Amino acid sequence: QVQLAESGGGLVQAGGSLRVSCVASARTFNNYAMGWFRQAPGKEREFVAAIGWNAGNIQYADSAKGRFTISRDNAKKAVYLQLNSLKPEDTAVYYCVASQWSSMPVSAAPRAYEFWGQGTQVTVSS
């Protein structure tokens, strides 16, 4: 069982930035695909970004392209999501996800990820 612990959420004004982090307990973290989903109140959970074991294997949702950056640090067993130019519609709980199966391209489907964190709240005020 892999435990995922998110941190770094908070309240920020529109146009601001945040970085959310996730640390995994996976013994072979280097082999895992990692990603982020989010869920806003009253909306379905949606894909944000994902990164394969190969850091060149990255996917972003259209809403994230050009504003968000996903990265990983295998030595720290961590994945990060840098959120820039935030908008009120980015307000959501952000979930870290992990899969021991790293496809090419890395998957944007929720069902591809066996492990989910508890989430961290990001609130963007207008």
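Values below: all heavy atoms of this structure, side chains included; hydrogens, waters and symmetry mates excluded. All values reported here derive from a predicted model rather than from experimental measurement.
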Heavy-atom donor-acceptor pair, [X] side chain to [Y] backbone, under 3.5 Å:
X	Y	answer
Asn74	Asn30	no
Lys77	Ala26	yes
Asn57	Ser103	yes
Ser102	Gly52	no
Gln39	Val93	no
Glu6	Gly119	yes

Does some side-chain heavy atom of [Y] sit less than 4.5 Å from a side-chain heavy atom of [X]?
X	Y	value
Ile58	Ile70	yes
Tyr32	Val79	no
Trp116	Pro110	yes

Report yes or no: is the cationic atom of Arg67 (NZ for Lys, CZ for Arg) closer than 6.0 Å to the six-membered ring centre of Tyr60, at no more than 45° off its axis? no
Does Tyr80 have Arg19 sitting over its ring (NZ/CZ under 6.0 Å from centre, angle to axis within 45°)? yes
What I want to check is whether the side chains of Gln13 and Ser125 have a donor and an acceptor closer together than 3.5 Å. no
Please verify the inter-ring angle class for Tyr94 with Phe68; under 30° counts as parallel, over 60° as perpendicular, anything in between as tilted. perpendicular
Lys/Arg-Asp/Glu bridge criterion (N-O < 4.0 Å) met for Lys65, Asp62: yes
